[in-house]
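Please read all numbers here as calculations on a predicted model, not as lab measurements.
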Amino acid sequence: MSFELEELLLVSVAYLLALFLCAWATEKGLIPRKITQHPAVYVLSLGVYASSWAYFGSLGFASEHGYVFLAFYLGVSGAFLLSPVLLHPILRITRTYQLSSLADLFAFRFRSPLAGTLATVLMLTATMPLLSLQIQAVSDSIHLISEEYSPERLAIVFCVMVALFAALFGTRHLSTRDRQRGLVMAMAVESVVKLVVMVTLGLVILFEVFNGLDGVEAWLAVHQDKLIEMQTPLQDGPWRSMLLMFFASAIVMPHMFHMTFAENRSQRSLHIASWALPLFLLVLSLPTLLILWAGIKLNSPVAADYFPLFIGQALDMPWLTIVAYIGGLAAASGLTIVTILALSSMIMNHIVLPYYPPHLQIEVNIYRWLIWFKQFIIVALIMSSYGFYRMLEAEKALYNLGVIAYVGALQLLPGALCVLYWPKANHKGFITGLIGGTTLWFFTMMLPQMVDFSLFSSTMDEVSTYLYQQWHLLGMTSLTVNAVLIYLVSNFTCMSPEERSAASACQVESNSRNDQKVPEAKSAHDFHEMLSKPLGGRVAHKEVSRALSDLNMREDENRPHALRRLRERIEKNLSGLMGPSVAHDIVDTFLPWDENKGYVARDIHFMESRLEAYHSRLSGLAGELDDLRRYHRDILNNLPMALCSVDAAGEIMLWNQAMSHMTAIPASEVLGSPLNRIPEPWNDILSNFARIDSQHLPKHGVEINGQLRYFNLHKANLEALVYGPNGNKVMLLEDHTENQMLEDQLFHSERLASIGQLAAGVAHEIGNPVTAIDCLAQELKALSEEGDTREVAGQVLEQTQRISRIVQMLMNYSHNGKNRSQTSTHEPVDLFTSVQESISLLQLGRKSSNISFLNLCDPEHRVTGNPQKLQQVFINLLNNAVDASDENSTITIRTSASAHTVKIEVEDQGHGIPANIQERLFEPFFTTKETGKGTGLGLALTWNIIEEHFGTIRVISPTDKNLDKGTLFEISLPRHEPQSIRQQHGYMTYRPHDSWEQEGETV
């Protein structure tokens, strides 16, 4: 039964339209992300590997070479099973540097645009037979089941539909940083379709053709020759060559590289694919032998390649024929779409863009220009594939074209392995080897398929046929020539510094440390200005902003270390957009390094941030070393002493928490910045100290916010290799301000004590002449009979007595008194008298002459305590009240008593005490007075004395809420009572033996 052409075209359009809608729904977010981002989708998208060669060509190969066809499945499965040492390193490189193709990888590794261009040309040449295979498979399928029109004309329809899909969905995202989720989802759906079709064909054949497994065994028992043909000794066939060829296809074929690496950025997904893809291919390969044996049993008149299409016709099952056709269409369209997209990116990056004139100021929308040009390349590639298909002989078997394509791509395998495992390989060796191996492949395999030598000579035709029959030997020979040339040329030529750096970055294991440089640009704004010339203002601004966002940096970033990372990030982003060669050329030309700085130390804090990100992945000795690093880093960061370190160029490498707290400058704002760019006065302190030879700078005074502060500075030189050359320093800052103030106050206190002792001595010496004057005045008064003389003598006596009282009070005030710990005597203190003596002493000073003191203490109120210490309390409180009062103010002292306590209140009419400092009034050395006018010890001493007397003290300020003025100090002390009363009430008495005793018993 044959189908009308319109029916087949309708089926083809409906299938591709369904594929288109699936991709569109994914891009629009109509399909949940948990589905589109599931690892299974990525694994199924890798099923693009199963092209028409797997669907049709493997049948033809199996009919001629038996089980050797399994190499198609086993080879790529082996590559994915070895993904930890083969695929994961490539994924790391492509993800880090945003490379979208193998040509990008070669251009980046060998730092040679020519390397990328040659790889692109080879890939383009090698994949033309593969693309032609897909076109031939679809056109022949339509021709076989419709028997209308020529296959060449039918192929045009397929090319147009594929071109539309690729142009619409292959150019939606230009940069490799953005995955084309619609394309990935569409390829996953196609893989499901291929799997369902193959399983359906296998089941139908098993039960309809062979009537179950028993039927298969019975048929094979009759046709033992078929099994013998299938079991041809593997060593006599191209088994090894095919295994290597398909093993390499996981890397070197553009469609596999694109789906494996460019459309995937997840190590986890690749890890799952390492076992899931071989499982998928195993299931896909199972029906192959059943289809082959069914075609033989049914005496199919068509070639073995197209047995799937014949089965439905032989069984009179039209639906099975349509299902088989859809499977072939899915296999061909998937590979064609992805290959065309991958080749278009390679051509754009390595053939078109290298001629882009970056030195011209062209204000164009590069993104739109790239989309249009890429769409043009896609259409041109489809047309070229069709032209190549028309050039080949129609009778060429499908597997012949596949072998030619895979052997050609195999020439890229030595270079790919050098990228990962041989750092000495250079671009000269790679280019020489690639040219040598490709030339041999082209003239022995590719050219004979393109040219019909029978038109020239029968001998040449025989040679051509013989060469193809020995394709596995020719393939290995060309590969050997390639590898040997790479080895010889690389060993006898030198590498450039850039190439050596790129080689180190690509190695699976690398311990090298490369010197770092700093760009000439001084800020992120300079990057925008410099890139505006090659990219245009809008594109330059967008790319710089994108790089800043990727690195979580501010728009005003100006730290050298950060600018270095920003430059590298811009190059990576441009590499994903325009290819590594063009990106490197633009960045190297318009964002040059500062040649005046020969060396800049490594970005230590960035290294640490990366180690923190990978901390959970480290194990064994690496994990233990990282734990040790974290332990030492935490010690430095939490050190209570402020610490910072600078490298040889003066850039800050470490800024711990204590330093951030002391300077009020967060570490994130200064790490990587030059020391001389931090705010004042820290710039002056640290920069000057870093320059001087002295390792210590004690008591360095600096005025900060109007306050003089003192610091002890220490530094040490570091010579660790990781920091680079000598000149690295670590500096410690110790805030000595409080200690310095303490020393100054103690010195002032000692001076006051000296003056007090001198005043006591002077008062004692004054007593002698005063006594003489007193005696003379008494004698004069006694002997004189004149009234005026006696009156004057009386006045002299009064003044001398006043002097004596003042001297006595000074002597009493300067006396140390007795310590409570040395006696248990409770001396009664007359509060009125003690307060009055304190007032008299204060009135000797000039500042108290305009202040009125009102002593309202009850003469009957007495407390138990040390008279000298309590007088010190009153003098301190009254002196503070005087300092806080205005002229002609009044200071009032009053007492009130309860059964067991006496309350003393000292109230002034001064300016009051702010609430925010009342809690600190009784702290030692806290004062609000000017320097030199207060020690900050008076109220602290007062607190201690009151506490020693088992009393309490509190402050109330302001006392006048309306005027917000006045302060009241309220003291509560134990009331003194006679011994008889204490015994009567059974009051407890403190004894020197640290026990409490009560009259008549011990408690």
Measure the spacing between [atom1] of [X] and [atom2] of [Y] and express it to the nearest 0.5 Å.
X: Met659; Y: Leu733; atom1: CE; atom2: CG; answer: 4.5 Å
X: Ser972; Y: His900; atom1: OG; atom2: NE2; answer: 12.0 Å
X: Glu571; Y: Asp588; atom1: CD; atom2: CG; answer: 7.5 Å
X: Leu686; Y: Met731; atom1: CG; atom2: CE; answer: 4.5 Å
X: Glu734; Y: Met662; atom1: CD; atom2: CE; answer: 8.5 Å
X: Leu878; Y: Asp908; atom1: CG; atom2: CG; answer: 10.0 Å

[X] and [Y]: which non-hydrogen atoms are nearest, and at how many Å?
X: Ala503; Y: Pro423; result: CB-O, 3.8 Å
X: Pro974; Y: His949; result: CD-O, 3.2 Å
X: Trp655; Y: Ile665; result: NE1-O, 3.2 Å
X: Glu827; Y: Pro867; result: OE2-CG, 3.3 Å
X: Glu905; Y: Glu970; result: OE2-OE1, 3.7 Å
X: Ser957; Y: Thr967; result: OG-OG1, 3.2 Å

Asp550 with Arg565: basic N within carboxylate O range, under 4.0 Å: no
For Asp960, is there an ion pair with Lys965 - N to carboxylate O distance below 4.0 angstrom? no
Does [X] make a cation-pi contact with [Y] (under 6.0 Å, within 45 degrees of the axis)?
X: Lys572; Y: Tyr97; result: yes
X: Lys715; Y: Phe689; result: yes
X: Arg564; Y: Trp593; result: no

Do Asp735 side-chain atoms and Asn712 backbone N/O form a donor-acceptor pair below 3.5 Å? no
Distance-only polar pair, side chains of [X] and [Y], donor-acceptor under 3.5 Å:
X: Gln267; Y: His88; answer: yes
X: Gln872; Y: Asn876; answer: yes
X: Asn638; Y: Asp634; answer: no
X: Gln98; Y: Asn573; answer: yes

Is any side-chain heavy atom of Ile904 closer than 4.5 Å to a side-chain heavy atom of Phe874? yes
Is it true that, when you exclude His714 itself, more than 12 heavy atoms of the residues, nucleotides or ligands shown sit nearer than 6.0 Å to its NE2? yes
Apply salt bridge (Lys or Arg N to Asp or Glu O under 4.0 Å) to Lys542 and list each qualifying residue two or more places apart in sequence or on a separate chain. none
